[in-house]
Novice: 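Quick one: structure below, then a few questions.
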Number of protein chains: 2
Amino acid sequence: MILDSETKAVELPEHHGDELRLWLRLLTCTTLIEGEVRSRLRERFDVTLPRFDLMAQLDKVPEGMTLSDVSKRMMVSNGNVTGLVERLVESGHLDRRTSDADRRVQVIRLTKAGRAEFRKMATEHELWIADIFGDLTPKDVRELMRLLAKTKASAQKSAKARTT
Amino acid sequence: MILDSETKAVELPEHHGDELRLWLRLLTCTTLIEGEVRSRLRERFDVTLPRFDLMAQLDKVPEGMTLSDVSKRMMVSNGNVTGLVERLVESGHLDRRTSDADRRVQVIRLTKAGRAEFRKMATEHELWIADIFGDLTPKDVRELMRLLAKTKASAQKSAKARTT
DNA sequence: GCCAATTACTTGAAACCTAAAGAAATCTGG
DNA sequence: CCAGATTTCTTTAGGTTTCAAGTAATTGGC
């Protein structure tokens with residue numbers, strides 16, 4: 001118990017160390033796994049993680065997406081996407097065309113070659129992830145999913161409150 | 001049930017989608033929170049997250065650390081630390097000196113001004129984190145800590161197995 | 001129709017980051 | 001002692017990333 005100079009009980013300062021430790025642990029886990037995936041992608045396919053991530057987004061939507069869509073989904077800036085797409089178009093993985101309906105909009109899709117290469121990578125990638133999380137039981141996985149969903153909601157709420 | 005061409009029961013292919021979804025959710029959570037912290041640091045103190053992280057490491061060890069120590073703790077490359085430190089020395093936050101015992105080694109410490117500025121930032125930062133995780137109960141926090149510890153161990157095991 | 005606001009994307013500057021190669025100092029087994 | 005291996009840090013090249021400012025196209029109110 002903390003006592004002030006007059007020896008009266010005072011309010012304990014709010015103790016937030018637990019949340020901070022949780023955040024650091026969350027960050028450590030993610031950094032660790034991300035680094036591992038990055039290494040394997042480079043080693044096995046000579047591809048960078050951002051490129052893989054972008055292709056993964058596009059693989060889910062065969063009809064293509066706009067740059068803004070990609071930017072929101074990947075949670076990175078617009079300018080970043082522009083450069084990333086530029087290099088993937090250059091290397092033949094992506095097809096980019098201006099929308100007929102709105103000439104500001106660029107629609108990008110995987111090319112046939114890009115899709116084939118991505119699928120090859122994705123198959124192995126999924127095995128890596130399974131191996132990396134291999135010591136978790138199905139129950140652990142479910143419980144983590146639940147708690148992370150709650151965390152995400154809490155963080156979104158906090159972020160929204162700040163910008164309002 | 002999947003049946004092969006001769007209508008015999010065959011082994012179901014291993015199903016790893018759950019782990020992949022877990023990984024994506026983990027990544028989303030971290031990216032979301034990291035972005036939020038980054039925004040607040042910039043907005044409130046005009047400082048970048050990597051700089052804050054480096055100062056946080058140094059604050060824990062008043063006698064200073066070597067660049068390799070920092071590199072390991074932050075899980076970033078050596079070359080990255082060199083540049084980061086360079087800029088923080090330049091701005092007067094860090095003190096850098098060559099070790100007497102081993103002239104390859106650079107020991108860096110927070111300057112008095114650097115420490116004062118960091119402490120100011122750290123106080124607010126802790127409140128932000130508490131707010132971001134605000135909807136989690138103490139039990140949620142404990143449970144997440146436990147599961148993430150398990151995840152970290154699993155990932156480290158997997159990473160070690162790969163490089164062996 | 002017209003103009004202001006908005007939206008979609010690009011550009012530019014600075015910082016961050018990795019991987020790989022290199023330089024300097026130290027360590028180690030003859 | 002000393003040559004080779006190792007460790008610590010820097011450098012270089014190529015990407016990635018953010019933020020802010022800018023351009024072009026569309027939308028909406030009047």
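The chains referred to below are lettered A, B, ... by the order of the sequence lines, with proteins before strands, and numbering in each begins at 1.
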Novice: Ignoring backbone atoms, test whether B/Arg104 places a side-chain nitrogen or oxygen under 4.0 Å from the OP1 or OP2 oxygen of C/dA23.
Specialist: no

Novice: What's B/Ser68 touching, base or sugar-phosphate or nothing? Going by heavy atoms closer than 4.0 Å.
Specialist: sugar-phosphate

Novice: For A/Arg103 and D/dT26, is the shortest distance between a side-chain N/O and OP1 or OP2 below 4.0 Å?
Specialist: yes

Novice: Reckon B/Asp102 touches a base, only the sugar-phosphate, or nothing at all at heavy-atom distances under 4.0 Å?
Specialist: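 Counting heavy atoms under 4.0 Å across all strands, the contact made by B/Asp102 is with sugar-phosphate only.
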
Novice: How close do A/Phe133 and B/Thr151 get, heavy atom to heavy atom, and via which atoms?
Specialist: CE2-CG2, 3.6 Å

Novice: Quickly work out the A/Asp69 CG to C/dC9 C1' distance and round it to whole Å.
Specialist: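 One finds 13 Å between C1' of C/dC9 and CG of A/Asp69, rounded.
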
Novice: Could you check whether A/Thr66 gets within reach of a base, just the sugar-phosphate, or nothing at all, counting any heavy atom under 4.0 Å?
Specialist: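 The residue A/Thr66 makes sugar-phosphate contact but no base contact.
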
Novice: Judged by each residue's nearest nucleotide on DNA chain C, which is more toward the 5′ side, A/Ser39 or B/Gly83?
Specialist: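 Result: B/Gly83.
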
Novice: Figure out the CG/P separation between A/Asp46 and C/dA19, and round it to whole Å.
Specialist: 12 Å

Novice: Whole Å only: how far is the CG atom of A/Asp100 from the P atom of D/dA25?
Specialist: 14 Å

Novice: Specify the separation, in whole Å, of atom CZ of A/Arg42 and atom P of C/dC17.
Specialist: 16 Å

Novice: Of all the heavy-atom pairs spanning A/Arg115 and A/Pro62, show the shortest one and how long it is.
Specialist: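 So the minimum-distance heavy-atom pair works out to NH2-CA, 3.7 Å.
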
Novice: Both B/Val107 and A/Val76 contact DNA chain D. Which one's nearest nucleotide lies toward the 5' end?
Specialist: B/Val107

Novice: Which nucleotide wins on minimum distance to the side chain of B/Leu84, given the candidates D/dT18, C/dC16, D/dT10?
Specialist: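 Closest nucleotide among those given: C/dC16.
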
Novice: Ring centres under 6.0 Å, that's the criterion: do B/Phe52 and B/Phe118 meet it?
Specialist: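 Yes, the ring centres sit under 6.0 Å apart.
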
Novice: Does a nitrogen or oxygen in the side chain of B/Arg87 sit under 4.0 Å from OP1 or OP2 of C/dC17?
Specialist: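 It does not, given that no N or O in the side chain of B/Arg87 lies less than 4.0 Å from OP1 or OP2 of C/dC17.
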
Novice: What I want to find out is whether A/Arg96 reaches A/Glu86 closely enough, with some N-O distance under 4.0 Å, to be called a salt bridge.
Specialist: yes

Novice: Ignoring backbone atoms, test whether A/Ser77 places a side-chain nitrogen or oxygen under 4.0 Å from the OP1 or OP2 oxygen of D/dT17.
Specialist: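 No.
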
Novice: Under 4.0 angstrom, heavy atoms only, what part of the nucleic acid is A/Leu49 near: base, sugar-phosphate, or nothing?
Specialist: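 No contact.
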
Novice: Where the side chain of B/Arg96 is defined as all heavy atoms beyond and including C-beta, which of C/dC9, D/dT10, C/dC17 is the nearest nucleotide?
Specialist: D/dT10

Novice: Over all strands shown, is B/Met75 touching base, sugar-phosphate only, or nothing at heavy-atom distances under 4.0 angstrom?
Specialist: sugar-phosphate

Novice: Rounding to an integer number of Å, can you tell me how far B/Glu86 CD sits from D/dT8 P?
Specialist: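 Distance check: B/Glu86 CD to D/dT8 P gives 21 Å.
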
Novice: From NZ of A/Lys72 over to C1' of C/dC9, roughly how many Å is that when rounded to an integer?
Specialist: 12 Å

Novice: For A/Thr30, is there any backbone N or O sitting under 3.5 Å from a side-chain donor or acceptor partner on B/Thr30?
Specialist: no

Novice: A/Glu90 has an atom CD; how far is it from atom P of D/dG14, in whole Å?
Specialist: 15 Å

Novice: Does a nitrogen or oxygen in the side chain of B/Asn80 sit under 4.0 Å from OP1 or OP2 of C/dT18?
Specialist: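 Affirmative; the distance criterion is met.
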
Novice: Tell me: CD of A/Gln106 to P of D/dT26, nearest whole Å?
Specialist: 12 Å

Novice: Counting side-chain heavy atoms from CB outward, which of C/dC9, D/dT17, C/dC16 is closest to A/Thr82?
Specialist: C/dC9

Novice: When you measure from the side chain of A/Ser154 to the backbone N and O of B/Ile132, does any donor-acceptor pair fall under 3.5 Å?
Specialist: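 Between the backbone of B/Ile132 and the side chain of A/Ser154 there is a qualifying donor-acceptor contact (under 3.5 Å).
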
Novice: Which is true for A/Thr48 with a 4.0 Å heavy-atom rule: it touches a base, it touches only sugar-phosphate, or it touches nothing?
Specialist: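 Touches sugar-phosphate only.
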
